[in-house]
There are 2 protein chains.
Amino acid sequence: MEADVCKRLGGNLKRLRTAAGRSQEDFAHDADIHRTYISDLERGARNPTIRVVDRLAKALGVSMGDLLD
Amino acid sequence: MEADVCKRLGGNLKRLRTAAGRSQEDFAHDADIHRTYISDLERGARNPTIRVVDRLAKALGVSMGDLLD
DNA sequence: GTGTGACTCTGAGTCCGTC
DNA sequence: CGACGGACTCAGAGTCACA
């Protein structure tokens, strides 16, 4: 909870994506987001807008809170 | 739930802020965000980054999920 | 399959106001 | 107190070649 928001998102994203057994490439395609951008996000190297996070959540079938809290 | 993310955030923000009995100006100061930007956010006219939403959540004492879900 | 630096262009975020 | 407009700067969106 004390980690940076971007790191938190990155960790949650990677955890949920791998739990679903999907590669970054496949997931990027489903979420309609560039492959390298997903890579950046999972590393916590980007500070995305809520519209991007919304697309991630929908593609994973989870709530935004699951990705950010 | 099907509304745009920005509209959802705006509604939740306004509801939680007024429930706490605070003005946009005071709240903007606490969250260290400009007053005009808070106004824009509550109207759903902006697409903020997750770092901004994190500051909003902390200033309100709620989780990010409370603001976005 | 994924990490990374570099790039362009759009919009996030700030600040000046007025109504 | 809050909506809204104009103008500005810099960071995010989106992409690529390469490691």
Side-chain angles (χ1 to χ4, degrees):
Chain A
M1 282 287 275
E2 284 304 312
D4 177 74
V5 215
C6 300
K7 304 279 190 192
R8 272 196 339 255
L9 171 65
N12 288 332
L13 180 57
K14 183 162 195 169
R15 179 173 49 79
L16 292 166
R17 176 184 60 79
T18 54
R22 300 154 90 181
S23 69
Q24 285 184 357
E25 286 181 347
D26 286 346
F27 177 65
H29 180 264
D30 291 349
D32 199 33
I33 295 177
H34 203 89
R35 195 212 99 222
T36 58
Y37 196 66
I38 299 292
S39 174
D40 287 350
L41 289 175
E42 290 195 358
R43 289 161 34 229
R46 296 251 188 172
N47 175 31
T49 60
I50 60 176
R51 272 208 253 265
V52 168
V53 179
D54 188 50
R55 267 187 280 165
L56 297 174
K58 283 192 170 67
L60 280 170
V62 301
S63 73
M64 296 183 72
D66 290 332
L67 284 171
L68 294 167
D69 290 337
Chain B
M1 283 293 274
E2 284 304 311
D4 177 74
V5 216
C6 300
K7 304 278 190 193
R8 259 177 13 232
L9 171 66
N12 289 331
L13 181 56
K14 182 161 196 171
R15 180 173 47 79
L16 292 166
R17 177 185 59 78
T18 53
R22 302 154 90 180
S23 70
Q24 284 184 358
E25 289 178 354
D26 285 347
F27 178 65
H29 181 264
D30 290 349
D32 200 33
I33 296 175
H34 265 260
R35 69 181 169 80
T36 56
Y37 198 58
I38 299 290
S39 173
D40 287 348
L41 289 176
E42 290 194 357
R43 286 181 293 127
R46 295 264 187 169
N47 175 30
T49 61
I50 60 177
R51 271 208 253 267
V52 166
V53 178
D54 189 49
R55 268 187 279 163
L56 296 173
K58 283 192 170 66
L60 280 170
V62 302
S63 74
M64 296 183 71
D66 290 333
L67 283 171
L68 294 166
D69 289 338

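Labels below follow one simple rule: chain letters A, B, ... track the order of the sequence lines, proteins then strands, and each chain is numbered from 1.
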**Request:** Assess whether one donor atom and one acceptor atom, taken from the side chain of B:Arg51 and the base of C:dG13, lie less than 3.5 Å apart.
**Result:** no
**Complete:** When rounded to whole Å, the CD1 to C1' distance for the pair A:Ile33 and D:dT15 reads 14 Å
**Asked** To the nearest Å, how far apart are B:Phe27 CZ and D:dG2 P?
**Response** 12 Å
**Prompt:** When you check the phosphate oxygens OP1 and OP2 of C:dT2, does a side-chain N or O of A:Arg17 lie under 4.0 Å from one of them?
**Reply:** yes
**Asked** Do the side-chain N or O atoms of B:Arg43 get closer than 4.0 angstrom to the phosphate oxygens (OP1, OP2) of D:dC4?
**Response** yes
**B:Lys14 side chain near D:dA3 phosphate (N/O to OP1/OP2, under 4.0 Å)** = yes
**Prompt:** Quick one: A:Gln24 CD to C:dT4 C1', roughly how many Å, whole number?
**Reply:** 12 Å
**Prompt:** Has A:Thr36 got a side-chain N or O lying under 4.0 Å from the OP1 or OP2 atom of C:dT2?
**Reply:** no
**Prompt:** Once you round it to whole Å, what is the distance between P of D:dA3 and CD of B:Glu25?
**Reply:** 11 Å
**Request:** Could you please spell out the steps behind the side chain to side chain contact (heavy atoms under 4.5 Å, CB included) verdict for A:Arg22 and A:Leu60?
**Result:** CA-CA 10 Å; A:Arg22 300 154 90 181; A:Leu60 280 170; 4.2 Å; yes
**Item:** B:Arg22 or A:Asn47, whichever maps to the more 5' nucleotide of DNA chain D
**Value:** B:Arg22
**Message:** Within the 4.0 Å heavy-atom criterion, would you say A:Ser39 contacts the bases, only the backbone, or no part of the nucleic acid?
**Reply:** base
**Request:** Pick base, sugar-phosphate or nothing for A:Asp40, based on heavy-atom distances below 4.0 Å to the nucleic acid.
**Result:** base
**Prompt:** Got B:Arg15 and B:Asn12 here, is their nearest side-chain heavy-atom distance under 4.5 Å?
**Reply:** yes
**Prompt:** Does B:Arg46 get its side chain close enough to the base of C:dG13, under 3.5 Å, for a donor-acceptor pair?
**Reply:** yes
**Message:** Using whole Å, what does the distance between atom C1' of nucleotide D:dA11 and atom OH of B:Tyr37 come to?
**Reply:** 11 Å
**Item:** Atom-pair distance (CD1 on B:Ile50; C1' on C:dG13), nearest Å
**Value:** 16 Å
**Message:** Could you measure the distance from the CD atom of B:Gln24 to the CG atom of B:Asp40? Nearest 0.5 Å is fine.
**Reply:** 9.5 Å
**Request:** Any chance you could measure B:Asp32, atom CG, to B:Lys58, atom NZ, to the nearest 0.5 Å?
**Result:** 13.0 Å
**Item:** Whole-Å gap separating P (D:dT15) and CZ (A:Arg35)
**Value:** 13 Å
**Request:** Find the distance B:His29:NE2 to C:dT14:C1' and express it as a whole number of Å.
**Result:** 15 Å
**Item:** A:Leu56 side chain near A:Leu41 side chain, heavy-atom distance below 4.5 Å
**Value:** yes
